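What follows is one structure encoded as structure tokens, with my remarks underneath.
A, B, ... follow the sequence lines: proteins, then strands. Residue 1 opens every chain. The shown structure was predicted, so the numbers you read here are calculated from the model rather than taken from an experiment.
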Amino acid sequence: MTHGRGQSSRRVEPGPLARVEGEGSLRVEVRDGRVTDVALNIFEPPRFFEALLRGRRYDEAPDITARICGICPVAYQLSACAAIEDACGVRVSERTTSLRRLLYCGEWIQSHALHIYLLHAADFLGCRDAVELAERDRPAIERGLSLKRTGNLVMETVGGRAIHPVNVRVGGFYRAPDLAAIAALAEPLRRARQAALDTVTWVTGFEFPDIEGNYLFVAMRHPERCPMESGTVASSGGLDASPAEFAQFVVEEHVARSTALHARLFGRDHYLTGPLARYAINAAVLPPLAREAASSAGLEGLVRNPFRSIVVRAVELVFACDEALRLVESYEPPDPPASDVHPIAGFGAGATEAPRGILLHTYELDGRGLIRSARIVPPTAQNQLSIEDDLRRVVEDGLDLSDLALTGRCEHAVRNHDPCISCAAHFLDVSVERQ
Amino acid sequence: MTARVVVTGLGSEFRRDDGVGVAVARAVIERHPIGPDAFVTSVDPFRDPTDLLDLWEGAELAVVVDATRTGAAPGTICMVELDHAALPGGDASSSTHGLGFAAVLRLAHAMQRAPRRVVLIGIEGADFSAGKGLTAAVDHSIGEASDMVADLIRRAAPCA
């Protein structure tokens, strides 16, 4: 809806923003051709998970926190496990780590396929939604659904079901899948890997607005592999911190307009997690196939154009399929399926790479293994301020656009980061005021 | 999988009456002989809604059983043959988590993978709060609703 577009005052108020998870709105104020204020108003009701965890047993955290999100439950389960195991001084076996990584690959595949094909591609192709895209390019949507199905299959095989898996526990798994079940994933994953390579080719052909962000990238780092389920936290500014140190460095503040906390590094710098950050920190350790895909897509060095995040996400699809296949081919069931974990009083921190970025959990346990305090820092809360910064640039760059086109560009800019407001609140009416 | 008739119970059994579609699907399996031309299943919150696209592949008739909230008396059963062109529009994926039934059906039509006929059997719910168990009036409607589903199967797939 557009009100009063004129030389001195313009105001744009479209309906709720679609193709993001959760409820919120966006308000932009423009004065004399400059953006004076950008605000993501997140009114998704607060969900109180951190309070809900107090007094619960240490081994309940993975399943309770998994319910925060139906798209990235594995991220919640594995960050919770990592934090609890850190508190209890437990290191899981390499076989357990590999199986966790395979499960995580399944989540990355289904989440990235969903975002690229059903949520984001329509923005680039002038379609209203995935239905219109399916009418125009059915093979593309078939490819996306096939990828998503393969991700679901990996999660069902390792985790017991595609949404909110039930096989994850502190210390490992309730049951290790047998060799035949894992081997049966190989052929679907080979097909998915080819579909992921085709996805890179497809999205590389999109047109991208020429906008760049001056991001501080923050992603996990691992000495031996592309990080997913473990590692330290690194930044493009030189940070290299353990999850426990990172938890100290991230300062969250409450602002009136949002039920999600705003995160800053050292209470000062806003930063970006997610695909662009992972590529900035870990491009050099990408396996050969993903590196070749990135090169063929023209991704050189840092990618600072947020609209090209869809290309990086597609490269991550290649990585996740390829990595899953490697893990399938080298699978040895963890025996026992879980390490013994005896709770002790203490503090633990765990961080993993959710599809949208770093997910940090910390827990304080008492001597009986009850949770005294919990802290959950999801990717979207960390990215909020960077998203607002993107919007400022997008609006200033697009002041000549019609209100309708500018609103569409803003929504597109938000979707670049695949935000999950349900996770963070623990989005979107857009209002642009021009004066 | 290919079946001429695909029956799907939708809903969450952890949201009381929202689970009636799942309960009816279960009752159809328990109370009625199902031949090879029919397939009865459920899509609950732990299953990807786009699974419906695969379930419907090659089907002549899709029967979807779900709870309704129309203001009718709890347990009231309605049967509607759905015209996809008349389905509510809007964005097909306004929520990443909740790709709705209407959106999946529109997607199926766009991809030419929709069944020729889609019949919705709705059972009016009263309590959609968290927890298990149906209210009495809704529970009492399961038998009649499952008979209606079985009748649809018989007429669409007489050999079943």
I need the minimum non-hydrogen distance between A:I163 and B:D48, along with the two atoms involved.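 Result for this residue pair: CD1-N, 3.8 Å.
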For B:A103 and A:V131, work out which heavy atoms get closest and say how close.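 For B:A103 and A:V131, the tightest heavy-atom pair comes out as O-CG2, 4.3 Å.
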Under a 4.5 Å heavy-atom cut-off, does chain B meet the side chain of [X], its backbone, both or neither?
X: A:L145; result: side chain
X: A:E132; result: neither
X: A:R136; result: neither

Chain B: which of A:Q110, A:H164, A:E142 shares the most heavy-atom pairs with it under 4.5 Å?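 Of A:Q110, A:H164, A:E142, A:E142 has the most heavy-atom pairs under 4.5 Å with chain B.
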Supply the atom-to-atom distance B:Q112 CD to A:E135 CD, rounded to the nearest 0.5 angstrom.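 So the gap between those two atoms works out to 9.5 Å.
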Is there a side-chain contact between A:R149 and B:T50 (heavy atoms, below 4.5 Å)? no
